[in-house]
Amino acid sequence: MNIKNNIDTITQSLPVGCKLIVVSKTQPIERIQEAYQAGHRAFGENKAQELTAKYEALPKDIEWHMIGHLQSNKVKYIAPFVYLIHSVDSLKLLQEIDKQAKKSNRIISCLLQIHIAEEETKFGFSENEILELIQSGSLQNLTHIHIIGLMGMATLSEDKVQIKKEFKGLKTLFEKIKSLPALPNNITMQEISMGMSNDFAIAASEGSTMIRIGTAIFGERIKV
Ligand SMILES: *Cc1c(COP(=O)(O)O)cnc(C)c1O
């Protein structure tokens, strides 16, 4: 796999306004450095510990994206440096991010993860849960978080019609939230994080602003 070529090919295929997050989970430092030297700066990891270790080992101008399920007790490790947390799936987690962000004297950008897939196992809020949460008033006093959009993962499937339908649904929900009267001050709907190696072209055409790609850049991950 030529990491630079893969990044270039994917980037060139994306519409304006859609950004590539290189998913570097399980990849050794040297392969991330290869992408860094090719000029790439936005990387995604799904485990707090691995994210922290890589942050410490690599140049400090990297934007680190947390894309995997995050336990509340791990937030403190990434709060001092994380660029964007894509995978916020509970009010409790938002409250903990707010608390740790305050300690680091930061405002941390977050995406709310929405369950759009058919599979039962994926994390995330349902459409009703998210609308209730936003309108409940419980986000109002979280002054150290900034919710900038939504994230979703489509069903792992070959069925392009199904995948397209799920991404379309996420975009529709995004627009619906954006148009709500009296959105809390800490919500600005700007980003939709959707699309992975096998479905990013569909996601991009459905309005994704951030695709999260690992396999199509580094090859198959070694299973641990
Ligand atoms: C691993 C992962 C990706 C990247 O998946 P690929 O199929 O390797 O591109 C994207 N998003 C999340 C949340 C992931 O955990």
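All residue numbers refer to positions in the sequence shown, counting from 1. Note that this is a predicted model, so its numbers are computed, not measured. In each ligand, atom 1 is the first atom listed, and ligand 1 is the first ligand listed. When reading the values below, keep in mind they use all heavy atoms of this one structure, side chains included, and skip hydrogens, waters and symmetry mates.
- Taking the charged nitrogens against the carboxylate oxygens, Lys171 and Glu175 do have a contact shorter than 4.0 Å, which makes a salt bridge.
- Between Phe81 and Tyr55, the ring-plane angle classifies as parallel under the 30° and 60° cut-offs.
- Cluster partners of Val23 are Ile67, counting Ile, Leu, Val, Met, Phe, Trp and Tyr whose side-chain heavy atoms approach within less than 4.5 Å, directly or via other members.
- Taking atom 9 (O) of ligand 1 as the reference point, the nearest protein heavy-atom neighbour is Ser197 OG, 2.5 Å.
- For atom 5 (O) of ligand 1, the closest non-hydrogen atom on the protein side is Met196 CE, 3.5 Å.
- Looking at His86 against ligand 1, nothing comes within 4.0 Å, counting heavy atoms.
- For ligand 1, the polar-atom distance check against Lys25 finds a nitrogen or oxygen pair separated by under 3.5 Å.
- Phe123 and His69 have parallel rings, their planes meeting at less than 30° on a 0 to 90° scale where 60° marks the start of perpendicular.
- Atoms of ligand 1 lying under 4.0 Å from any heavy atom of Gly214, numbered from 1 in the order shown and given with element: 4 (C), 6 (P), 8 (O), 9 (O).
- Close approach of ligand 1 to Ile213 (heavy-atom distance below 4.0 Å) involves ligand atoms 9 (O).
- At the top of the distance list for atom 8 (O) of ligand 1, counting protein heavy atoms only, stands Thr215 OG1, 2.5 Å.
- Looking at atom 4 (C) of ligand 1, its nearest protein heavy atom turns out to be Arg212 O, 3.6 Å.
- Under the salt bridge (Lys or Arg N to Asp or Glu O under 4.0 Å) criterion, Glu206 pairs with Lys164, Lys168, not counting sequence neighbours.
- The N/O atoms of Gly68, backbone and side chain alike, include none that comes under 3.5 Å of an N/O atom in ligand 1.
- Inclusion of Asn46 in the set of residues having an N or O under 3.5 Å from an N or O of ligand 1 is not warranted.
- With hydrogens and angles left out, the side-chain atoms of Gln113 and Ser87 include no donor and acceptor closer than 3.5 Å.
- Residues Leu111 and Val88 are not in side-chain contact: their nearest non-hydrogen atoms beyond the backbone lie 4.5 Å or more apart.
- Residue, atom and distance of the protein heavy atom nearest to atom 12 (C) of ligand 1 are Ile67 CD1, 3.5 Å.
- A donor and an acceptor atom, one from each side chain of Thr155 and Glu166, are located under 3.5 Å apart.
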